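For this chain, numbers begin at 1 and follow the sequence in order. Just so it is clear, the structure is predicted and the values come from calculations on it, not from any experiment. What you see below is based on every heavy atom in this structure, not just the backbone, and it leaves out hydrogens, waters and symmetry mates.
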Amino acid sequence: MTDLHRLSIRELSEGLKQAQFSSRELAEHYLKRIAHIDPKVKSYVTVTAEQALAEADAADAVLKSGNAHALAGIPLAHKDIFCTQGIKTTAGSKMLDNFISPYDATVVAKAKAAGLVTLGKVNMDEFAMGSTSENSYFGATSNPWALDRVPGGSSGGSAAAVAADLAPIATGTDTGGSIRQPASFCGLTGLKPTYGRVSRFGMIAYASSLDQGGPMARSAEDCAYLMNVIAGHDAKDSTSINKEVDDYVANLNGTAVKGLRIGIPKQYFNVAGLDADVKARVEESLKKLEEMGATLVEIDLNMTEAYVPTYYLIAPAEASSNLSRYDGVRYGYRCENPKDILDLYKRSRSEGFGAEVQRRILIGTYALSAGYYDAYYVKAQKVRRLIQQDFLKAFENVDVIAAPSAPTTAYKIGANLSPTEMYLGDIYTLAVNLAGLPAINAPVGFDQDSLPVGLQLIGNYWSESQLLSIVHQYQQHTDWHTKRAAIAEENA
Ligand code: GLN
């Protein structure tokens with residue numbers, strides 16, 4: 001079969017179970033595509049061909065036995081922020097270019113246990129700080145829809161790999177939008193779960209109170225399959241919540257769009273940088289949901305202006321603390337010929353970290369320093385609480401909240417936006433992490449340059465099933481999620 005990469009996760013699962021093709025054939029098919037097409041996209045940092053084939057053979061054996069997991073034998077790509085035993089884990093940084101993890105992240109271990117086949121590790125902004133993937137030490141990844149554009153970030157490699165059909169599904173992480181924004185830029189479905197739903201163990205920390213892993217795929221149905229594997233309590237992550245996990249696949253039709261109350265925040269649609277095409281496509285998608293029986297309710301989210309400053313204090317503060325462990329001593333990059341211990345720290349960190357990471361360490365250290373702690377960090381925490389309360393108040397009256405995922409479509413590679421311009425592009429995604437809520441991106445059309453536009457739906461705590469279900473039903477009535485970039489149509 002030459003078009004295995006066009007099959008959904010459900011179709012792949014059925015095809016494998018009925019032995020229409022083997023997991024080895026599937027892995028070989030994807031590896032061949034990666035070899036031919038990825039040099040143009042540059043989504044992979046590491047391709048684990050040998051291991052993938054061994055895992056595929058093992059999956060084939062389990063499939064023959066007849067009691068395989070639904071995802072056994074299906075390939076996936078991991079964001080290079082998830083530790084993989086025996087395989088390089090870089091977090092997009094020179095600092096970890098030589099780092100081979102001695103253990104698997106829980107997400108990786110769960111995927112392995114289900115029999116998923118790891119194709120490799122995909123590119124990202126260094127330590128997940130960025131919105132374009134250009135901050136990677138390994139260079140920029142291209143957006144499959146326009147190779148001179150960014151795929152978004154920080155999970156840009158995950159998005160590009162799936163959008164170019166170089167992996168059927170991928171893991172991503174979202175601290176302030178890093179699953180939803182690249183999904184939006186690349187025309188994919190991506191879910192940021194409730195904080196605590198997916199284990200952070202072995203997921204390299206950026207801002208621990210905001211970081212959350214999740215699935216990136218073509219459809220809500222595909223995301224649901226991966227969520228069924230990665231969600232759940234983990235004793236190794238103290239912020240993981242011990243709460244029953246939904247069957248996200250079984251629940252795909254569980255929420256009726258008919259009667260659903262969708263909140264439309266006034267403030268969100270008046271943001272200065274909101275592109276006219278993005279606004280139009282998002283409004284059309286809401287109209288469609290209205291036709292399907294939903295009610296649109298105008299709401300207020302009065303804290304909107306505080307999102308960017310609050311996040312860009314809290315996230316760098318946590319980052320400055322988390323990244324203090326990279327000191328050149330036990331693992332990671334070490335400078336040549338250090339004079340003394342101070343020189344070792346200083347040069348290892350200045351040579352090992354890129355500019356954006358250093359900027360954030362400086363901002364965070366400043367905000368946490370004795371004289372400024374109350375004025376910046378404590379203040380930001382108080383505002384964070386107000387942002388959360390703003391959402392909770394809104395959810396008293398609506399079931400979900402709609403927004404764009406990003407104010408624009410994908411930027412040109414090398415556009416070289418200033419840090420503040422770049423940070424303002426995160427306006428629609430940051431608050432969800434500050435409040436710990438789940439949210440999903442769904443593709444809803446294209447702008448005048450044929451670049452994908454995404455709709456974001458924000459749910460109340462633990463509403464992952466509801467969000468997946470709403471998008472699934474939308475995707476039964478529309479075909480945006482089935483559109484493929486020209487490069488994905490290429491055969492290897
Ligand atoms: N773009 C945001 C940042 O640069 C969010 C990144 C993320 O979610 N990891 O911090």
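- With no hydrogens or angles considered, a side-chain donor-acceptor pair links S136 and N123 at under 3.5 Å.
- Between the side chains of T239 and Y195, at least one donor N or O sits under 3.5 Å from an acceptor N or O.
- For the side chain to side chain donor-acceptor pair (under 3.5 Å) with K121, the lone residue among T46, T84, T48 that qualifies is T84.
- The backbone N or O of M129 sits less than 3.5 Å from a side-chain atom of N135, completing a donor-acceptor pair.
- A donor and an acceptor atom, one from each side chain of S240 and D234, are nowhere located under 3.5 Å apart.
- Within the 3.5 Å criterion, the main-chain N or O of S209 finds no donor-acceptor partner in the side chain of R200.
- Side-chain atoms of S469 and N251 include no donor-acceptor pair closer than 3.5 Å.
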Residue pair K79, S154: steps toward the side chain to side chain donor-acceptor pair (under 3.5 Å) verdict: CA-CA 9 Å; K79 183 174 182 179; S154 66; 2.8 Å; yes
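- Donor-acceptor pairing under 3.5 Å is lacking for the side chains of H481 and S219.
- Donor-acceptor pairing under 3.5 Å is recorded for the side chains of T194 and E464.
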Which is it for Y333 and Y326 under the ring-ring contact (aromatic ring centres under 6.0 Å, His included) test, yes or no, and what are the steps along the way? CA-CA 8 Å; Y333 178 80; Y326 304 105; over 10 Å; no
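- Side-chain N/O atoms of Q51 and E55 include a donor and acceptor closer than 3.5 Å.
- Ion pairing between a basic and an acidic side chain is recognised when a charged N comes within 4.0 Å of a carboxylate O; R24 and E28 show such pairing.
- Under a 4.0 Å N-O distance rule, the pair R484/D165 qualifies as a salt bridge.
- Salt bridge R180/D174: present, at least one basic N to carboxylate O contact under 4.0 Å.
- A donor atom on one side chain and an acceptor atom on the other are not found under 3.5 Å apart for S23 and D60.
- W462 is not listed as a side-chain neighbour of P438, based on a closest heavy-atom distance of 4.5 Å or more.
- Between the side chain of S101 and the backbone N or O of C83, no donor-acceptor pair lies under 3.5 Å.
- Taking the charged nitrogens against the carboxylate oxygens, E11 and R6 have no contact shorter than 4.0 Å, which rules out a salt bridge.
- Within the 3.5 Å criterion, the main-chain N or O of A442 finds no donor-acceptor partner in the side chain of T189.
- Judged purely by distance below 3.5 Å, without hydrogens or angles, the side chains of Y461 and R197 never pair a donor atom with an acceptor atom.
- Between Y474 and W480, the ring center distance fails the sub-6.0 Å criterion.
- Looking at S184 and Q181, their side chains never bring a donor and an acceptor atom within 3.5 Å of each other.
- No donor-acceptor pair closer than 3.5 Å links the side chain of T171 to the backbone N or O of P215.
- For the 3.5 Å distance criterion, the side chains of D426 and S131 qualify, holding a donor opposite an acceptor.
- For the residue pair T408 / D275, no side-chain donor-acceptor distance below 3.5 Å is found, with atom types taken as modelled.
- Within the 3.5 Å criterion, the main-chain N or O of V162 finds a donor-acceptor partner in the side chain of R218.
- When atom types are taken as modelled, the side chain of T89 and the backbone of D80 share no donor-acceptor pair closer than 3.5 angstrom.
- In this structure, the side chain of D38 engages the main chain of Y44 through a donor-acceptor pair within 3.5 Å.
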